[in-house]
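Accompanying notes for the structure given below.
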Amino acid sequence: MTNIAEDIKIVLEFYQAMGVERIPIMTEQKSRRAEEQKIAEKEVSYNVAPISKFHLTSEQKKSALNALREEIGDCQRCKLSKGRKNIVFGEGSIDAEIMFIGEGPGEDEDIQGRPFVGKAGQLLTKLIEKMGFKREDVYIGNIVKCRPPFNRDPEEDEINACSPFIRKQAEIISPKVIVSLGRISTQTLIGLKIPIGKLRGKFYQFEDIPLMPTFHPSYLLRNPKDKWLVWEDAQKVLERLGK
Ligand code: SF4
């Protein structure tokens with residue numbers, strides 16, 4: 001008999017002596033369910049929130065955003081500064097009810113210095129309009145403000161250097177809901193390293209602002225069949241806004 005078999009025999013004899021007739025076995029499926037349960041519990045603790053604690057007037061918001069833009073200046077805080085043409089600060093209404101936060105500028109955005117103006121941006125604009133808003137009614141920004149080379153994902157040091165700015169913008173604008181677009185934006189804002197497919201469709205919280213993760217428009221350009229899922233998420237946002 002091998003050592004393992006002997007060990008099992010000893011354990012079984014022990015349980016028998018304790019009067020235990022059945023030994024529960026944690027199957028892979030059970031273990032996965034336990035993991036999902038843990039995630040669900042964490043979601044609950046992040047879930048739903050009252051509207052933001054920040055109550056700045058429009059004038060105060062405007063000067064706070066101007067001051068933040070000045071603070072960023074000709075930023076060299078991370079290596080993305082090397083290849084950029086423009087810093088893409090973000091744009092939209094300072095009194096926006098919804099703030100959309102993506103990952104980072106692409107080529108068109110880098111050239112124009114404006115967020116979401118390329119093909120993915122056009123899709124985002126369509127979504128905004130389908131939700132009953134004009135693009136200028138909402139606020140749009142990104143986790144990093146300079147274009148990553150060849151549209152690669154922003155790296156951790158770049159996210160750490162730049163994300164305090166978009167966090168500050170969200171605090172100043174204090175929207176009723178944030179919609180995070182894609183994995184990087186969502187994971188950065190809520191601090192959970194879970195795939196976007198599992199995160200989307202449920203409310204989380206950024207500071208005291210409800211946050212709805214959904215797919216990035218670039219993903220939808222590659223996977224148009226998933227557009228209905230984004231529309232499902234958008235409807236939850238509208239419901240939350242009482243629209
Ligand atoms: S990505 Fe952000 S931190 Fe990096 S250089 Fe641009 S503005 Fe500065």
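For the single chain, residues carry numbers from 1 onward in sequence order.
Remark: Arg167 fails to qualify as a cation-pi partner of Phe206 under the 6.0 Å distance and 45° angle criteria applied to the six-membered ring.
In this structure a side-chain-to-backbone donor-acceptor pair under 3.5 Å is present from Lys61 to Ile94. The backbone N or O of Glu158 lies less than 3.5 Å from no partner atom in the side chain of Lys79, so there is not a single donor-acceptor pair. Side-chain atoms of Lys85 do not come within 3.5 Å of backbone N or O of Asp110 as any donor-acceptor pair. Using a distance-only test at 3.5 Å, with no hydrogens or angles considered, no donor-acceptor pair links the side chain of Glu155 to the main chain of Asp157. Glu109 contributes a side-chain N or O that, together with a main-chain N or O of Gly106, makes up a donor-acceptor pair within less than 3.5 Å. Formation of a donor-acceptor pair under 3.5 Å by the Ser93 side chain with backbone atoms of Tyr139 is not found in this model. A donor-acceptor pair is defined here as one N or O able to donate and one able to accept, closer than 3.5 Å; no such pair exists between the side chain of Ser185 and the backbone of Gly182. Panel note: side chain Arg183, backbone Gln187; no donor-acceptor pair is recorded below 3.5 Å. Using modelled atom types, one side-chain atom of Arg77 and one backbone atom of Ile72 make a donor-acceptor pair closer than 3.5 Å. Not a single donor-acceptor pair under 3.5 Å links the side chain of Ser174 to the backbone N or O of Ala170.
Two different hydrophobic clusters hold Val88 and Leu123 under the rule that ILVMFWY side chains link at heavy-atom gaps under 4.5 Å. Linking ILVMFWY residues whenever their side-chain heavy atoms come closer than 4.5 Å, directly or via other members, leaves Val117 and Ile140 in distinct clusters. A continuous path of ILVMFWY side-chain contacts below 4.5 Å connects Leu65 to Met99, so both sit in one hydrophobic cluster.
One distance of note links CD1 of Ile143 with CD1 of Ile166; it measures 6.5 Å at 0.5 Å rounding. With rounding to the nearest 0.5 angstrom, the CG atom of Leu127 is 10.5 Å from the CZ atom of Phe133. Of the inter-residue distances, the one linking Leu192 atom CG with Thr188 atom OG1 reads 11.5 Å to the nearest 0.5 angstrom. The NE2 atom of His216 sits 8.5 Å away from the CG atom of Leu124 when rounded to the nearest 0.5 Å. Here the CG-CD distance, from Asn142 to Gln169, works out to 9.5 Å after rounding to the nearest 0.5 Å. Note: Asp208 CG to Glu171 CD = 9.0 Å, rounded to the nearest 0.5 Å.
Smallest separation of non-hydrogen atoms from Gln60 and Thr57: OE1-N, 2.8 Å. In terms of heavy-atom proximity, Phe116 sits nearest to Pro217 at CE2-CG, 3.9 Å. What you find for Pro115 and Gly90 is that their closest heavy atoms are CG-CA, 4.0 Å. Between Tyr204 and Leu199, the closest heavy-atom pair is CE1-O, 3.3 Å. Considering all non-hydrogen atoms of both residues, Pro105 and Asn151 come closest at O-OD1, 4.4 Å. Residue Pro149 comes nearest to Leu80 through the heavy atom pair CD-CD2, 3.7 Å, listed as atom of the first residue, atom of the second, then distance.
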Donor-acceptor pairs are to be reported for all side-chain atoms of residues 221-229 against protein atoms at under 3.5 Å, with residues two or more places apart or in another chain.
from, atom 1, to, atom 2, distance (Å)
Asn223, ND2, Tyr219, O, 3.1
Asp226, OD2, Tyr219, OH, 2.5
Trp228, NE1, Lys225, O, 3.3

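A salt bridge links Glu91 to Arg135: one of the charged nitrogens lies within less than 4.0 Å of a carboxylate oxygen. Between Lys126 and Glu129 there is no salt bridge, since no side-chain nitrogen of the basic residue lies less than 4.0 Å from a carboxylate oxygen of the acidic one. A salt bridge links Glu97 to Lys243: one of the charged nitrogens lies within less than 4.0 Å of a carboxylate oxygen.
Within a 6.0 Å radius of CD in Gln76, more than 12 heavy atoms belonging to other residues, nucleotides or ligands are found.
Counted by atom type alone, Ser180 and Thr186 present one or more donor-acceptor pairs between their side chains at under 3.5 Å. Counted by atom type alone, Arg200 and Thr214 present zero donor-acceptor pairs between their side chains at under 3.5 Å. Looking at Thr125 and Gln122, their side chains never bring a donor and an acceptor atom within 3.5 Å of each other.
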Worked verdict on Ile111 versus Asn86 for side chain to side chain contact (heavy atoms under 4.5 Å, CB included): CA-CA 7 Å; Ile111 292 168; Asn86 284 296; 5.7 Å; no
Residue pair Phe100, Ile178: steps toward the side chain to side chain contact (heavy atoms under 4.5 Å, CB included) verdict: CA-CA 6 Å; Phe100 291 87; Ile178 292 174; over 6 Å; no
Verdict with reasoning, Val144 to Glu103, per side chain to side chain contact (heavy atoms under 4.5 Å, CB included): CA-CA 6 Å; Val144 296; Glu103 178 180 311; 5.9 Å; no
Candidate pair Val179 and Ile98, rule side chain to side chain contact (heavy atoms under 4.5 Å, CB included), full reasoning: CA-CA 7 Å; Val179 177; Ile98 310 180; 3.9 Å; yes
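Glu107 has its side chain within reach of Arg147: a pair of non-hydrogen atoms, C-beta onward, lies under 4.5 Å apart. For the pair Arg240 and Val177, the minimum side-chain heavy-atom distance is below 4.5 Å.
Phe89 pairs by the ring pair (Phe, Tyr, Trp, His ring centres under 6.0 Å) definition with nothing, not counting sequence neighbours.
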